[in-house]
Amino acid sequence: MPKKIIIDTDPGVDDSMAILFAFASREVEVVGLTTIFGNVDTALATQNALRLVEFAGHPEVPVAHGADKPLYVPLEGIAGFVHGVDGLGNTHRPAPKGQPLGKPAAQFIVDMIMANKGEITLVPVGPLTNLALALALEPRIVEHVAEVVIMGGAATVNGNVNPAAEANIIHDPHAADLVFNAGWPVTMVGLDVTTKTTMTEEYLASLKANGSKTGTFIWEISRFYEDFHYQMTQERAIHTHDPSAIAYVIDPTLFKTEKGPIRVATEGITKGQTLMDRWQIWYGATEWSNRPAVNVCVDVDSPRLLALYKERILAAP
Ligand code: BDR
Ligand code: CA
């Protein structure tokens, strides 16, 4: 049985790459996309999510519009300089034909979990505001969700917005702290692993080698994103952020994990930092021992992940 997943997303170049990977993989069934600000504002994230379900040949998959701003901090740092002003590498795709659902993302998440108890895996690959709002609407979702697989945070390495913080977490640190500490089964797929797996320009070109429509789309939207990475690293290669969360859902054996509580700093120079209590691994109980343990990805078999991604994209319709 495929896992039913809801991808909570701010598409976004790597979000798009993750969504197309999920649609191309038999191990998962995408039962909805919910949208959030981050790489673009939420209105554009919703338009892009509609574009993506239509491009993937799944216009029946519902798209629910999410929160337009974080819980407490101001909305800032929309990443047009990373993903293009259209979120799709400035490729300026035609407008979608479909419309979002008539209910907000948080309500959609609650309704889906409560109607499919034990079956829904949430895969947030953007800021965590919608999940925090869903927890407030219906706290019992913690008992009925199958799993929450988050792309975000950094437990053993520096952030990517500043030394402390990863982008998805700093956008709404209060929401992230609630989500990491709600007591549901959380896996964090953070920069610890997503920056270890790089897709070179050559690899990205190989995704369109057989004339694949999906591979060609990924090549086109990733040109701007690759230029951004080149400015940062002087390498023609991109980090594999959001597709890594989908890879974890498909095949967790790709990753090595450690367990421990995670707290999120909400102010000061460490705002957005995901601090993992690794003391427990070495010394036993600490003052954070009453916090829920998060399953944190600390290493990845990158060649195997890249082979899986390529296999699925080349086989996509
Ligand atoms: C995360 O931030 C966004 O720019 C990406 O889509 C990814 O979800 C990486 O820090
Ligand atoms: Ca994202």
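All values below come from the heavy atoms of this structure, side chains included, with hydrogens, waters and symmetry mates left out. For clarity, every value in this text was computed on a predicted model and none was experimentally measured. All ligand and atom numbering here is 1-based and tracks the order in the structure.
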Atom nearest to the Ca ion (ligand 2) - D242, N, O or S atoms considered = OD2

remark   = For D10, the N, O or S atom at the shortest distance from the Ca ion (ligand 2) is OD1

inquiry  = In the structure I gave you, are the side-chain heavy atoms of L122 and D8 within less than 4.5 Å of one another anywhere?
reply    = no

With distance as the sole criterion, is a donor-acceptor pair present between the side chains of [X] and [Y] under 3.5 Å?
X    : Y    : answer
R263 : T274 : no
Q107 : D111 : yes
H65  : T46  : yes

task = Examine D14 and say whether one of its N/O/S atoms is closer to the Ca ion (ligand 2) than 3.0 Å.
result = no

key: N, O or S from G126 under 3.0 Å to the Ca ion (ligand 2)   = no

message = For atom 6 (O) of ligand 1, which of the options D14, N168, I169 provides the nearest non-hydrogen atom?
response = D14

ask   = Would you call H83 a ligand 1 contact, heavy-atom distance under 4.0 Å?
value = yes

Where the Ca ion (ligand 2) is the vertex, angle from D15 OD1 to V125 O to 10° = 140°

key: N or O contact, M151 vs ligand 1, cut-off under 3.5 Å   = no

message = Does any N or O of ligand 1 fall below 3.5 Å from an N or O anywhere on D15, backbone included?
response = yes

ask   = Considering only heavy atoms of N160, which atoms of ligand 1 have at least one such atom less than 4.0 Å away?
value = 9 (C), 10 (O)

Give me the nearest non-hydrogen protein atom to [atom] as residue plus atom name, then the distance to 0.1 Å.
atom                    : answer
atom 8 (O) of ligand 1  : D242 OD1, 2.6 Å
atom 3 (C) of ligand 1  : N39 OD1, 3.2 Å
atom 10 (O) of ligand 1 : E166 OE2, 2.4 Å

Check the orientation of [X] and [Y]. Use parallel for under 30°, tilted for 30 to 60°, and perpendicular for over 60°.
X    : Y    : value
Y203 : Y309 : tilted
F37  : H171 : perpendicular
F23  : H58  : parallel
F255 : Y248 : tilted

task = Give a yes/no verdict on a cation-pi contact between K213 and F55, requiring under 6.0 Å between NZ or CZ and the six-membered ring centre and an angle within 45° of the axis.
result = yes

